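Predicted, not measured: the structure shown is a model, and the values here were computed from it.
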Amino acid sequence: MSLENELVPLRALANPLRMRIVSLLTGASMSATEVADELGIAHASASYHLRRLAEAGFLRQVDEPPPPGKGRPRVRYRYDPSSAERIDRSDGRQLLHQAMSDDLARRLTETERQRMSMDAEVWLPRPVWEEIVGLVGQAVALLHDRAGAPHEGVKVSMTALLLELRDER
């Protein structure tokens with residue numbers, strides 16, 4: 001895949017509002033109207049961003065049958081977890097990291113209770129590092145698998161960014 005082809009989905013996600021939409025749709029499929037209501041944005045804006053995210057492969061459409069006696073089925077969208085693999089392999093991650101940083105700043109202002117925080121730049125044996133990566137991966141998968149619809153349970157935020165750094169010696 002060329003760098004330009006990799007940047008198209010990254011540009012679609014490198015927007016704090018779109019990151020919020022993707023997070024929202026991790027726990028439930030929602031229509032543009034529901035997304036607009038939940039995020040306090042215009043329906044047209046929600047619809048536009050949902051389409052862009054779907055075109056970039058972050059969301060998939062989930063059509064539901066129309067209510068009895070009504071017209072067309074409502075188009076709903078849901079996060080596609082397989083999209084993360086594409087981003088993790090990309091050379092254009094800076095766009096995504098900047099959007100994550102911007103959205104993290106927003107979440108920090110909404111923090112009611114901090115449960116855990118850590119930061120480290122250390123040297124580890126390769127097997128220990130691989131174990132940590134696996135454990136964090138399990139936590140991320142559990143979070144996505146168990147995420148519920150808005151207002152069901154506790155509203156939480158998890159940001160995980162595991163980096164292997166260059167040895168500048």
What I'd like to find out is whether the side chain of Y48 reaches to under 4.5 Å of the side chain of I41, using heavy atoms alone.
no
Any non-hydrogen side-chain atom of L50 less than 4.5 Å from a side-chain atom of L25?
yes
Pairwise distance CE(M158) to OG(S23) - rounded to 0.5 angstrom
12.0 Å
Could you pull out all residues at least two apart from R107 that satisfy salt bridge (Lys or Arg N to Asp or Glu O under 4.0 Å)?
D103
Write down the atom of R78, the atom of S29, and the distance for their closest heavy-atom approach.
NH1-N, 3.5 Å
Does the side chain of W129 reach to within under 4.5 Å of the side chain of L162, using non-hydrogen atoms?
yes
In the structure I gave you, are the side-chain heavy atoms of V35 and H49 within less than 4.5 Å of one another anywhere?
no
Rounded distance (nearest 0.5 Å) linking atom CZ of R126 with atom CD of E131:
14.0 Å
Please name the pair of heavy atoms, one in N15 and one in L17, separated by the smallest distance, quoted to 0.1 Å.
OD1-N, 2.8 Å
About how many Å separate CZ of R115 and OG of S157, when rounded to the nearest 0.5 Å?
13.5 Å
Please determine whether residues V75 and L59 belong to a single hydrophobic cluster, defined as Ile, Leu, Val, Met, Phe, Trp and Tyr linked transitively by side-chain heavy-atom distances below 4.5 Å.
yes
What heavy-atom pair brings P16 and D102 nearest, and what distance separates the two atoms?
CG-CB, 3.9 Å
For S117 and Q114, the nearest pair of non-hydrogen atoms, with its separation, is CB-NE2, 2.9 Å
Taking all atoms of both residues into account, what is the closest heavy-atom pair of Y79 and R60, and its distance?
O-NH1, 3.2 Å
Residue set satisfying side chain to side chain contact (heavy atoms under 4.5 Å, CB included) with P127, at least two apart, ordered chain then number -> P125
Y77/R51 under side-chain contact (heavy atoms from CB on, under 4.5 Å): CA gap, chis, key distance, verdict
CA-CA 9 Å; Y77 293 89; R51 286 192 313 272; 3.9 Å; yes
Side-chain contact test, heavy atoms from C-beta onward, threshold under 4.5 Å: evaluate it for K155 versus E112 and give yes or no.
no
Are E38 and R20 close enough for a salt bridge, meaning some N to O gap below 4.0 Å?
no
For E130, does the CD atom sit with more than 12 other heavy atoms under 6.0 Å from it, leaving out its own atoms?
yes
Using 0.5 Å steps for rounding, measure from the CG atom of L104 to the OG1 atom of T111.
8.0 Å
d(T26 OG1, R146 CZ) to nearest 0.5 Å is 15.5 Å
Could you check whether any side-chain heavy atom of P150 comes within less than 4.5 Å of a side-chain heavy atom of M30, counting everything from C-beta outward?
yes
